Amino acid sequence: MYALVDCNNFYVSCERAFQPQLEGKPVVVLSNNDGCLISRSAEAKALGLKMGEPYFQVKPLVQQHAVRMFSSNYALYGDMSGRVMHYLSSVVPEVEIYSIDECFLDLHGMEPYLGPLAEQAAGWRHEVRRRTHIPVCIGIAPTKTLAKLANRLAKKSPTMEGVCYLDTDGRRQWALAQTPVEDVWGIGGQYAHKLYAQGIRTAAQLAGQSEAWARKQLGGVVGARLVRELQGTPCQGLQPSEDGTLSRKSIACTRTFGQPLSAFADVLGAVAHFASKAAEKLRRQGSAANVLTVFISKNRFGTEPPPHTRSVVLTLPTGTSDTIELLRHARAALKRIWEPGAVYRKAGVVLDGLETAGQQQLLLFEPNEQAERRAKLMADLDKVNQRFGAGKVKFATAQLPKGEYTAPWAGQHQWQTPAYTTCWEDLLCIRA
DNA sequence: TCTGGGGTCCTAGGACCC
DNA sequence: TCTGGGGTCCTAGGACCC
């Protein structure tokens with residue numbers, strides 16, 4: 001058996017944890033640049049506010065109903081996520097952190113030790129709430145896909161009190177019949193459309209198809225696996241996350257600018273900043289990158305025909321996590337795709353071909369003094385920034401223009417709350 | 001005026017190799 | 001006239017996820 005634990009409206013719940021007066025009110029959290037709605041309270045959903053909708057389009061509705069708005073505060077959400085995951089990691093031996101607000105628990109063979117799983121899950125749910133103020137729902141089933149499906153039902157039906165256990169074949173059939181096919185994990189817009197055209201509208205109907213059919217219709221082995229999992233045969237095991245952290249296969253830092261930019265120096269400043277941030281993430285997970293991609297984009301919503309994005313992919317001479325090295329390549333890459341006179345809205349840096357850091361040095365016959373000094377410099381840089389605040393020490397390329405206090409590319413974050421749990425200055429103050 | 005960011009996996013097709 | 005049968009690696013593009 002697998003359990004899927006999912007935090008309800010996670011970002012909104014994090015804001016509510018520090019502002020209990022928001023309970024029962026419509027609340028939304030906006031994406032970077034205060035662009036789109038990315039988390040909504042139940043009350044906000046009831047008003048018809050949709051996931052991913054641009055804020056400017058729903059502004060009248062939001063104002064009319066006095067919906068409370070928040071800019072995203074990832075320092076807070078990341079820390080709160082860590083607290084939830086840390087607790088869940090302590091109740092079972094194997095946990096896979098699937099995203100910032102979801103994790104799978106491996107419950108195989110656990111029932112004799114834990115007792116009835118539904119009761120256990122209710123206890124975990126209660127304890128997460130008590131420790132973090134974050135509400136979660138738990139779905140339990142024989143496969144990951146069915147656990148996702150169970151989780152959705154736990155969220156929808158108040159009588160389940162946040163836990164849904166598909167422990168019998170009858171319950172599994174009932175759950176499949178309840179679920180629209182587009183709500184199955186792995187069925188997105190394209191596939192849903194295709195399935196409807198063939199008269200398949202529920203998860204039960206999809207589960208009734210053959211593996212060969214699924215392979216042909218739903219993208220090969222992925223589709224075959226999906227249908228088998230709906231039928232109750234596990235095809236995906238747990239990929240345990242080491243000590244509660246995730247190790248990525250690619251690392252990106254990309255942003256839409258707060259305003260359109262057309263000066264090379266401004267865009268270079270942004271690209272340099274993104275490269276520095278990506279390099280920090282890279283070192284944090286102990287990796288080195290072999291491939292660097294830089295892209296710049298124009299307005300993708302305007303009347304101009306695509307392509308709106310130009311990118312360049314560089315294979316680096318050797319795997320590296322050195323900011324200086326990556327900045328040098330990023331600048332060269334940007335020069336190659338830069339069009340004078342164009343107006344840019346967004347840029348990004350992506351690191352791929354990740355390997356364990358240090359491996360590339362084993363190839364050298366003699367210890368490379370310069371490489372060692374550089375590695376030490378990067379480690380010290382990270383230490384200083386960790387202790388005194390992100391960006392306290394940075395490279396000149398990523399520095400602000402003279403006399404500026406905010407970067408020209410910086411976005412809006414009009415409704416940002418304090419980083420209550422990760423910054424001393426932002427510590428919550430309670431007056432008696 | 002205003003439209004997010006960060007990931008994963010898979011397939012097909014071309015280049016190249018023996 | 002007739003033109004094999006594997007492999008591997010790489011890239012681009014598609015689809016999906018939260």
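Not measured: the values here are computed from a predicted model. A, B, ... follow the sequence lines: proteins, then strands. Residue 1 opens every chain.
- Residue S99(A) places its side chain closer to dC18(C) than to any other of dG4(B), dC18(C), dC2(B).
- Between Y420(A) and F18(A), the angle of the ring planes stays under 30°, which puts this pair in the parallel group of the 30/60° scheme.
- If you check every strand for non-hydrogen atoms under 4.0 Å, V221(A) touches sugar and phosphate atoms only.
- For DNA chain C, if you chain together Watson-Crick or G-U pairs that step i with j, i+1 with j-1 and so on, the runs of at least three with distances under 3.5 Å are B:5-18 with C:5-18.
- Remark: C1' of dG7(B) and CD of Q239(A) are 13 Å apart, rounded to the nearest angstrom.
- Near DNA chain B, meaning a heavy atom under 4.0 Å away, the residues from residues 52-67 of chain A are P54(A), F56(A).
- Residue N33(A) is out of contact with every strand shown, counting any heavy-atom pair closer than 4.0 Å.
- Rounded to a whole Å, the CG atom of L195(A) is 13 Å from the P atom of dA15(C).
- As rounded to whole Å, 10 Å separates atom P of dC16(C) from atom CG of L226(A).
- For the C1' atom pair drawn from dC17(C) and dG4(B), the interatomic distance equals 15 Å after rounding to whole Å.
- Distances from the side chain of R248(A) to the nucleotides dT8(B), dC10(B), dG4(B) place dT8(B) closest.
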Verdict with supporting geometry, W185(A) and F104(A), ring pair (Phe, Tyr, Trp, His ring centres under 6.0 Å): CA-CA 14 Å; W185(A) 191 36; F104(A) 287 101; 5.7 Å; yes
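- At whole-Å resolution of the value, CG in L218(A) and C1' in dC10(B) are 13 Å apart.
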Full working for side chain to side chain donor-acceptor pair (under 3.5 Å) between S71(A) and Q416(A): CA-CA 5 Å; S71(A) 305; Q416(A) 180 109 49; 5.5 Å; no
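- Ranking dG7(B), dG4(B), dC18(C) by closeness to the E102(A) side chain, first place goes to dC18(C).
- You can call F301(A) stacked on the base of dT3(B); the centres are under 5.5 Å apart and the planes sit within 30°.
- Relative to the side chain of K346(A), the nucleotides dT8(B), dG5(B), dC18(C) differ in distance, and dG5(B) lies closest.
- F257(A) does not carry K346(A) over the face of its six-membered ring by the limits of under 6.0 Å from the centre and within 45° of the normal.
- Using a 4.0 Å heavy-atom criterion, one finds that F10(A) contacts no nucleic acid atom at all.
- Where R255(A) and R345(A) meet DNA chain B, the nucleotide closest to each residue was compared, and R345(A) sits on the side nearer the 5' end.
- If you check every strand for non-hydrogen atoms under 4.0 Å, L30(A) touches nothing.
- Side chain of A252(A), nearest nucleotide from dC18(C), dC10(B), dG7(B): dG7(B).
- Residue K148(A) is classed as a sugar-phosphate contact, given heavy-atom separations below 4.0 Å to backbone atoms only.
- Salt-bridge annotation for R345(A) and E304(A): absent, with no side-chain N of the basic residue lying under 4.0 Å from a carboxylate O of the acidic one.
- G411(A) comes within 4.0 angstrom of nothing in the nucleic acid, heavy atoms only.
- Between dG4(B), dC18(C), dC9(B), one nucleotide has an atom nearer to the side chain of I38(A) than all others, and that is dG4(B).
- For the residue pair N9(A) / K45(A), a side-chain donor-acceptor distance below 3.5 Å is found, with atom types taken as modelled.
- When only modelled atom types and interatomic distance are considered, S99(A) and D101(A) share a side-chain donor-acceptor pair under 3.5 Å.
- In this structure, CZ of F257(A) is placed 13 Å from P of dT3(B), rounded to the nearest angstrom.
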Stepwise side chain to side chain donor-acceptor pair (under 3.5 Å) check, R283(A) with T323(A): CA-CA 10 Å; R283(A) 293 194 291 270; T323(A) 300; 2.8 Å; yes
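- When heavy atoms are screened at a 4.0 angstrom cut-off, N299(A) is found touching no nucleic acid atom at all.
- Ring pair Y11(A)/Y77(A) is parallel by interplanar angle, where below 30° counts as parallel and above 60° as perpendicular.
- Rounded to an integer number of Å, the gap from CD of Q217(A) to C1' of dG14(C) is 16 Å.
- The interatomic distance linking I100(A) (CD1) with dG7(B) (P) rounds to 12 Å, in whole Å.
- At dC9(B), none of the side-chain N or O atoms of R225(A) fall inside 4.0 Å of OP1 or OP2 (strictly under the cut-off).
- Electrostatic pairing of E102(A) and K148(A) counts as a salt bridge here, judged by a charged N lying under 4.0 Å from a carboxylate O.
- DNA chain B is contacted by both R215(A) and C36(A); C36(A) maps to the nucleotide lying nearer its 5′ end (nearest heavy atom per residue).
- Residues Q231(A) and E211(A) bring no donor and acceptor atom of their side chains to less than 3.5 Å of each other.
- Atom C1' of nucleotide dG6(B) and atom CG of L354(A) are separated by 13 Å, given to the nearest angstrom.
- Closest to the side chain of T254(A), from the set dG7(B), dG6(B), dA15(C), is dG6(B).
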